[in-house]
**Student:** 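The following block contains the structure, expressed as structure tokens.
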Amino acid sequence: MTDLDALAIEPLAGPPSEWSETVRSLCVHVSDDAPSASAAASWLCDRGAASRAAAERQLRFLDDLGLLYVDEECRLDERGRRLLDAAPDTEPVVLYRALSSVRGFDAAVDALGVRPLTDIEILDLLGTELDAELEDTDAVEPLLQWLVALGYLTRDGGLNELTRAGKRRSEGIDGFRERADTDGEANGTDTTSAVEASADDGLTTAPGGESHRATDTAVVADADTAADADTAAADTDTDAGAVPDAGTDSASETPPETSLLDAYDYRCMVCGDRRRRASDEGYAELHRPMPPAEGGPETAANAVVVCPNHRADLEHGLVRIDPQTLDIQHAYEDSVDGHRLTVADDHDLGAAYLAYHNDVVADIDR
């Protein structure tokens with residue numbers, strides 16, 4: 001068994017900065033044309049694969065990640081469909097979820113989350129994790145290159161350090177961690193693991209109903225159970241409460257959207273403006289810093305009440321909100337830039353969701 005066999009990870013052709021686009025383009029090709037496995041390998045050869053054998057290895061690797069289903073012909077698997085549906089800013093998250101199914105991948109990210117590591121330190125770590133004798137630092141190169149491809153790692157003189165976005169992934173506060181388990185089942189008792197995979201990372205089945213996911217991937221098969229687990233875990237991590245609805249006995253229940261809007265009297269938490277839909281009726285909108293489509297729970301902890309203008313600014317990444325101080329940074333509006341977000345006493349806004357917005361959505365020079 002070679003070092004690469006032990007790691008079960010495959011590099012793509014070209015610089016890592018192009019790998020995400022290669023995967024997405026291949027998924028588009030498979031979605032549009034349903035090529036045979038041979039034709040898909042030829043496509044990868046045209047994209048620079050070193051040999052036919054290398055292209056076939058890359059296809060098998062993408063199949064193991066749940067992006068493609070490769071048999072006589074190629075079809076999109078669940079994560080491949082999700083990748084095509086994802087916004088550009090969230091494509092790395094989809095690929096990160098897939099790569100987390102590779103044994104040793106999460107262990108390397110977790111260790112890098114503690115401190116920067118050299119190639120040799122990562123080699124030793126993975127050798128212990130996989131119970132394998134990895135002899136050359138070239139063995140860890142593909143794993144580190146994939147982290148660079150996602151924008152989660154910088155490398156300088158043999159020292160590897162997570163970027164800000166990479167650190168968020170290592171901390172698992174964004175709800176996107178999917179843990180590997182050698183038994184192939186979700187480990188519900190591992191208190192050291194981060195948030196469980198969300199509902200859209202359920203078990204993928206091939207035509208005929210048989211699972212072809214790699215056996216070392218922790219998955220949650222039931223979508224409803226996974227969604228509940230993801231929401232509960234996110235709220236637990238951030239001590240996020242909910243604003244109780246009128247007449248509700250328990251503050252832990254998720255309030256209707258109108259309850260939170262009423263709590264703020266339809267005033268924007270960013271600027272304080274109260275818009276109207278009628279002479280006697282206020283108007284504001286609810287914005288989720290971490291969108292539900294990306295695993296964000298539909299709770300008050302993951303919601304801000306804003307006017308239409310500032311909702312648009314948030315969605316376009318023109319606003320950052322410090323998760324700790326609640327200070328607002330606005331790309332162009334001096335009247336709110338430097339001011340503090342208005343938060344009601346009984347609204348436990350989750351810091352993790354603001355941090356997700358800052359890392360994934362916001363696009364302001366820091």
Side-chain angles (χ1 to χ4, degrees), residues 3-4 6-9 11 15-17 19-20 92-93 95-182 187 190-197 216 218 233-234 236-239 290 295 320 322-325 350-360 362 365-366:
D3 287 349
L4 284 178
L7 282 172
I9 194 165
S17 59
W19 290 3
S20 294
V93 175
L95 289 175
Y96 179 89
R97 288 174 172 173
L99 287 160
S100 289
S101 66
V102 176
R103 285 188 62 203
F105 187 85
D106 275 340
V109 175
D110 288 344
L112 285 163
V114 176
R115 64 177 178 86
L117 298 174
T118 65
D119 289 358
I120 293 176
E121 287 175 316
I122 295 175
L123 184 74
D124 292 341
L125 168 74
L126 292 176
T128 301
E129 180 76 12
L130 302 175
D131 193 22
E133 294 184 5
L134 305 181
E135 300 177 353
D136 195 305
T137 54
D138 287 346
V140 301
E141 190 72 13
L143 185 151
L144 298 176
Q145 287 177 318
W146 270 108
L147 284 172
V148 171
L150 299 179
Y152 293 164
L153 187 74
T154 59
R155 309 184 68 189
D156 184 13
L159 187 67
N160 305 282
E161 183 173 6
L162 292 183
T163 63
R164 181 183 177 90
K167 288 177 181 176
R168 287 295 177 190
R169 299 294 175 263
S170 75
E171 292 166 3
I173 66 171
D174 52 18
F176 292 131
R177 296 306 300 272
E178 178 179 306
R179 291 291 175 165
D181 187 292
T182 54
N187 183 352
D190 182 6
T191 57
T192 64
S193 67
V195 181
E196 290 184 355
D216 59 354
T236 300
D237 282 353
T238 59
D239 294 324
M290 180 189 290
R320 296 181 75 249
D322 188 288
Q324 304 303 322
T325 67
Y353 308 121
L354 295 179
Y356 173 89
H357 169 83
N358 293 343
D359 286 343
V360 176
D365 292 336
R366 296 178 175 84

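Positions are given from 1, in the same order as the sequence printed here.
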**Student:** Using side chain to side chain contact (heavy atoms under 4.5 Å, CB included) as the criterion, point out the one residue from Leu126, Leu117, Asp124 that pairs with Val140.
**Tutor:** Leu126
**Student:** Could you pull out the closest heavy-atom pair between Glu129 and Gly104, with the gap in Å?
**Tutor:** CG-CA, 4.0 Å
**Student:** Drop me the distance from Thr154's OG1 to Leu159's CG, to the nearest 0.5 angstrom.
**Tutor:** 8.0 Å
**Student:** Would you please test Tyr96 and Val109 for side-chain contact (heavy atoms from CB on, under 4.5 Å) and show each step?
**Tutor:** CA-CA 11 Å; Tyr96 179 89; Val109 175; 3.6 Å; yes
**Student:** Between Leu95 and Ser20, what is the shortest heavy-atom contact and its length?
**Tutor:** CD1-OG, 3.5 Å
**Student:** Looking at every heavy atom in both Pro116 and Glu121, which two are closest together, and how far apart are they?
**Tutor:** O-OE1, 4.3 Å
**Student:** Do Leu99 and Leu147 come close enough that some side-chain heavy atom pair is under 4.5 Å?
**Tutor:** no
**Student:** Quick one: do Asp119 and Arg155 make a salt bridge, cutoff under 4.0 Å?
**Tutor:** yes
**Student:** For the residue pair Leu143 and Ala108, what are the closest heavy atoms and their distance?
**Tutor:** CD2-CB, 4.0 Å
**Student:** List the atom of Ala149, the atom of Pro16, and the distance in Å for their closest heavy-atom pair.
**Tutor:** CB-O, 3.2 Å
**Student:** Working to the nearest 0.5 Å, report the span between CZ of Arg164 and CG of Asn358.
**Tutor:** 6.5 Å
**Student:** Taking all heavy atoms of Ala351 and all of Pro323, pick out the closest pair and write down the distance.
**Tutor:** O-CB, 3.6 Å
**Student:** Is Ile120 atom CD1 crowded by more than 12 heavy atoms from other residues, nucleotides or ligands, each under 6.0 Å away?
**Tutor:** no
**Student:** Show your working on side-chain contact (heavy atoms from CB on, under 4.5 Å) between Leu112 and Ile122 and close with a plain yes or no.
**Tutor:** CA-CA 9 Å; Leu112 285 163; Ile122 295 175; 4.2 Å; yes
**Student:** Mind checking the CG-OG spacing from Asp106 to Ser101? Nearest 0.5 Å is all I need.
**Tutor:** 9.5 Å
